[in-house]
Visitor: 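After the structure tokens below, expect a handful of questions from me.
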Amino acid sequence: MAEKRAPAKGPSILRRTGALVLTLATFGVAGALVFLGSDRIAANAERLPPATEISPVPVATVPLEMQETYTVTAAYQGRVEARRQTAIGFEAGGTIAALTVDEGDRVAAGDVLARLDTR
């Protein structure tokens with residue numbers, strides 16, 4: 001009787017050779033593309049006009065001086081309200097004829113704030 005042989009384990013020599021050929025072909029194509037691309041870039045660079053010299057732009061300068069302090073101007077938004085409010089009124093009824101002060105004005109004792117039309 002003939003002996004039975006077990007199938008070979010692992011990749012066959014044909015598969016390994018095919019993978020090697022494919023890898024070498026890939027590297028060859030990649031190398032050729034790099035070579036041709038760099039040659040094309042060099043050819044395009046030769047076609048560019050020569051660079052012209054650019055003259056410097058004059059700028060104003062200020063000498064540096066050391067200072068102990070500096071001032072910063074700042075603006076803030078907000079709402080100012082009075083600390084106290086006073087409700088005032090007239091003893092007699094009528095219509096206000098004139099207001100002599102505006103909101104926020106400083107007043108002193110005895111100042112006339114409003115005039116009443118008592119007709």
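Side chains are part of it too, since the values below use all heavy atoms of this structure and drop only hydrogens, waters and symmetry mates. It should be emphasised that the depicted structure is a prediction, and the values quoted were computed from it without experimental measurement. Numbers here simply count residues along the sequence, with the first being 1.
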Visitor: List, by chain and number, the other hydrophobic cluster members for Val112, where Ile, Leu, Val, Met, Phe, Trp and Tyr join if side-chain heavy atoms come within less than 4.5 Å, directly or indirectly.
Guide: none
Visitor: Under the salt bridge (charged side-chain N to carboxylate O under 4.0 Å, His left out) rule, what pairs show up with a residue in residues 70-82, not counting sequence neighbours?
Guide: Arg79-Glu81
Visitor: side-chain hydrogen bond (donor to acceptor under 3.5 Å, both in side chains) with Glu65: which residues, sequence neighbours excluded?
Guide: none
Visitor: What is the distance from atom CG of Leu116 to atom OG1 of Thr95, rounded to the nearest 0.5 Å?
Guide: 7.0 Å
Visitor: If we only count heavy atoms from C-beta on, is the Val101 to Asp111 side-chain gap below 4.5 Å?
Guide: no
Visitor: Could you list the residues that satisfy side-chain hydrogen bond (donor to acceptor under 3.5 Å, both in side chains) with Asp117, not counting sequence neighbours?
Guide: Arg119
Visitor: Could you tell me which residues satisfy side-chain hydrogen bond (donor to acceptor under 3.5 Å, both in side chains) with Arg47, sequence neighbours excluded, listed by chain and number?
Guide: Asn44
Visitor: Looking at every non-hydrogen atom in both residues, tell me the closest pair between Ile96 and Ala114 and how far apart they are.
Guide: CG2-CB, 4.4 Å
Visitor: Output the rest of the hydrophobic cluster of Leu20: all Ile, Leu, Val, Met, Phe, Trp and Tyr residues reachable through side-chain heavy-atom contacts under 4.5 Å, sorted by chain and number.
Guide: Leu24
